[in-house]
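Shown next, in structure tokens, is the structure this report addresses.
Chain letters run A, B, ... following the sequence lines, proteins first, then strands; residues in each count from 1.
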2 protein chains.
Amino acid sequence: MYCLLKLAPLFLAVAVCNGWLFGDFVGKQKEQDEISLWPLPQKFQSSAVAFKLSPASFQIVHAKQSSAGPSCGLLENAFRRYFEYIFGDLKKPEKSRKKVYDSDLVELQVWVTSADPKCDDFPSLQTDESYELSIDEPSAVLKAANVWGALRGLETFSQLVYEDYYGVNNINKTDISDFPRFAHRGILLDSSRHFLPLKVILANLEAMAMNKFNVFHWHIVDDQSFPYMSRTFPELSQKGAYHPFTHVYTPSDVKMVIEFARMRGIRVIPEFDTPGHTESWGNGIKDLLTPCYSGSSPSGTFGPVNPILNSSYDFMTQFFKEISTVFPDAYIHLGGDEVDFRCWESNPDIEKFMAQQGFGTDYSKLESFYIQRLLDIVAATKKGYMVWQEVFDNGVKLKDDTVVEVWMGNKMEEELQNVTRAGFTTILSAPWYLDYISYGQDWQHYYKVEPLSFPGTDAQKKLVIGGEACLWGEYVDATNLTPRLWPRASAVAERLWSDKSVTDVGNAYNRLVQHRCRMVKRGIPAEPLFVGHCRQEYKGL
Amino acid sequence: MYCLLKLAPLFLAVAVCNGWLFGDFVGKQKEQDEISLWPLPQKFQSSAVAFKLSPASFQIVHAKQSSAGPSCGLLENAFRRYFEYIFGDLKKPEKSRKKVYDSDLVELQVWVTSADPKCDDFPSLQTDESYELSIDEPSAVLKAANVWGALRGLETFSQLVYEDYYGVNNINKTDISDFPRFAHRGILLDSSRHFLPLKVILANLEAMAMNKFNVFHWHIVDDQSFPYMSRTFPELSQKGAYHPFTHVYTPSDVKMVIEFARMRGIRVIPEFDTPGHTESWGNGIKDLLTPCYSGSSPSGTFGPVNPILNSSYDFMTQFFKEISTVFPDAYIHLGGDEVDFRCWESNPDIEKFMAQQGFGTDYSKLESFYIQRLLDIVAATKKGYMVWQEVFDNGVKLKDDTVVEVWMGNKMEEELQNVTRAGFTTILSAPWYLDYISYGQDWQHYYKVEPLSFPGTDAQKKLVIGGEACLWGEYVDATNLTPRLWPRASAVAERLWSDKSVTDVGNAYNRLVQHRCRMVKRGIPAEPLFVGHCRQEYKGL
């Protein structure tokens, strides 16, 4: 580990060692541009020596030693994206004038070191996202085991570039060695309470990459609507979507989301929540849901998936067979939260079944009975699964590689303790329900959360593999989703990426102000943290 | 007063007399489209008889008897705007096919009845916004004394048009007689805490017209920045804006805002708040602000406008002379809120002055001394003025036509009582600070406010001329302003326009859901009230 501090009159030099900051974040905004990294890298060393970059001569290239080359579409795409982020709309000037526009730093060499660069793979929970970035004359070098680390390093490189007082792009001599603290850093979007047009989802994947998030938890269907167009059961969206054509995700839409995410190192984990939260499923699939009774006759309303019919399991088998092929990620989120027992209680057939099985009146046993069979069905597709915490709480037998998502705000630490004591991997979303809004800088609350603050052994803590910021859709659609999510979710991004010791809210504020302006400059309408301005304000509405 | 109720199988007929609703708002969304009026008119009668409208043959025209004709740019502009709102992107088909697309209703005749249609005027506090709308075969007639009522009636007409199951535009046989309950129905936007690009201001003026708001209270400058480019004192924005070129309103920007607003029947009342909230003024004008002292020497910081120097009043005289010519409205808002006395208290020259004047240590007397002189300066420009409630509370002598704005949430009713007992006109904004956000449907709180619930005589109640929804800018800029304002401000719009008896929140919910989808269809990213969807979702980001 190296650690060095230099001071310069114009540019504030800052050295960070293992996340510790030496130096104050003072001075005017223009002078802070080089310290606007978000999330903060693990090891960071920078000096006041600045190199000019010109769009006429600067290039992002594959290093000669790199295992990746021009055939690596993922990286080629990323090179273009980050070149545009850095230089905006600037065009290359005529060749004759090239000399005038020479760069001090002529290129960024991207060096993928492992034999297989993984250009055509999908990211996974095991993905190595570490990278090393060395910026010095005449070439900067970004070294990573594979494309996933290279993507993270490209984002960091682009964040290091700042405009000087003449509007010229500069980058300081810098060394960075970086890796994420947690492997699972997710955003949950809900496309059921409101349909989210593709454009909105893609824009937010773009913003996720700017914040080094790596999981899109797609809460794609729920009670309110079923926009997922199933090839096996097209009637699900035909009958269950808000509109069968305008408010659905076609197979090619889904493919596009997955590919757009892959290009940015983001996993797409779809959630098909059962047995509760399934009202919209019932429109298309006869007898899937439990008929509720009013006295001795059916009331005409329906409850959770009917757990006593073989047809329910036959349906789930076929349905999840499709899902397991459509979504390449190793995990599917199976939900399992908030099952309302009242309908089951009202139904005489369910009552009979409960007696046969010896469940007494404990409906959580019936829920577990259903979930257990569902898990076996999904396990047979060779997929791993994620579940909401209730599934664990109810004592369902889970596969070893199950990820339990802790979402209930009360007794969060106790739950983390219990889940990890039982040996299960877990992610945390309880403190990060971003659909709850309030006046002021609530990002600070999200920022101050320490996911490993619960009592437990080191082995238990290692089982906490990350967390998710959840933007449930009751009050959110295309009109307000993006500014509501950003930069509030950025607070979660840094908590999950940077070192545990990175907790200074004032320092975070200064960097986040600039990071949100950077997102705005890149076309993401991230809302302001407080009074102030961006050099380039949002150009949309 | 007429009142009639008809029922029809497909379309739910609803009659409203003086704001009372007969009929339930049930059924699916598609069937509710004809009852999506917002704000609800004073007198409304509709039947199930529906007329088709075709963009190929339907026209909005000047009635033969109208005092306005094609030379009335304001109305011509409005005809085009509302034609586009109604028919969207549909083009007129070829003439040869015209027969097929005949309308049942061939035209809307707009009949301005007074000799002077006021095409080139500016709206004012005295403006008559009433109108009568009669929709029947073959022509609909919109009758209003002048263009301002015609504008309101055009909005209502456009809201009555709905698509049937074939996507054809229909309008039901309807009679409406309408007028606003309150004359002053405003929106405050703050372009100082964050600069608001022109595009955002214009979009929100557009949305205001959709909600029959008629005052844009432009809180244009404050402590944080001074974006107003003054011709007399250009250094105010050169030194006081976030950026002297990109973050300012040029004279032609201001003209454009005023004209865009005028075309929609909206007054523009600028606020230049003094003596507090003026930090940004001090950058450009030497000695304008009070130097604060730390012990016996100046601390380098500055407080409110320096009230003991003649130069301050000379400046204000020149400055407000300009403002009074740039802004055509009869009123200027002079602020006068939240004056922090600590700086004045620290300054020995102020101390001396206080003693000379016999003010003792009552700094509110010094504040009043300043305000009094300022009011005299502004009165000399022949303008009326609005002030925040503190100016009244401190006993400043006000002109009879002063409008006092009640903004403090505590003791709001007591304040309304006091202000009106003293014979002053007042507007209410205390319950409508829309910058305060919370989870859920807070629009209902805004909706439930009754501005005249305070104890007082009829004469006192008449002095309450309206209210304003205020969206202060601490946490708001171009990225999130519009979805945060709409449709929450729509709740205030109906409270200020419709009859006192229109208070049914469930009914309002059903109409507002459709009204917000209409705004979305028209390009305004109004956020959702709750789960659901719009037939046409927001197409932006």
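The aromatic rings of B:Y436 and A:Y439 are tilted relative to each other, their planes meeting at an angle between 30° and 60°.
A salt bridge links B:R535 and B:E163; the closest N-O separation between the charged side-chain nitrogens and carboxylate oxygens is under 4.0 Å. Ion pairing between B:E206 and B:R81 holds under the 4.0 Å rule for side-chain N and carboxylate O.
Per-residue heavy-atom pair counts under 4.5 Å with chain A were compared for B:H194, B:E474, B:E527, and the maximum is reached by B:H194. Of the listed residues (A:S438, A:P197, A:G532, A:G473), the greatest number of heavy-atom pairs within a distance under 4.5 Å of chain B belongs to A:G532.
Taking the ring centre of A:F260 as origin, the terminal cationic atom of A:R264 falls inside the region bounded by 6.0 Å and 45° from the ring axis.
Contact of B:E537 with chain A is made through the side chain alone, with heavy-atom distances under 4.5 Å. Proximity to chain A is limited to the backbone of B:V476, based on heavy atoms less than 4.5 angstrom apart. In this structure, the portion of B:L529 lying under 4.5 Å from any heavy atom of chain A is its backbone and not its side chain. Residue B:P528 touches chain A through both its backbone and its side chain, counting heavy-atom pairs closer than 4.5 Å.
B:Y242 places a side-chain N or O within donor-acceptor distance of the main-chain N or O of B:R193, the cut-off being under 3.5 Å.
Inter-residue side-chain proximity for B:T278 and B:L289 is flagged as met; some heavy-atom pair is nearer than 4.5 Å.
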Practice item. Mind running side-chain hydrogen bond (donor to acceptor under 3.5 Å, both in side chains) on A:Q441 and A:W443 for me, showing each step along the way? Key: CA-CA 5 Å; A:Q441 300 196 37; A:W443 70 272; 2.8 Å; yes

Review point. Between B:D477 and B:T479, does a side-chain hydrogen bond (donor to acceptor under 3.5 Å, both in side chains) hold up when you go through it step by step?
Key: CA-CA 5 Å; B:D477 72 1; B:T479 61; 2.6 Å; yes

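Of all residues spanning residues 218-228 of chain A, those with a heavy atom less than 4.5 Å away from chain B's heavy atoms are A:Q224, arranged by number.
Taking all atoms of both residues into account, the shortest heavy-atom contact from A:F195 to A:H247 is CE1-C, 3.3 Å.
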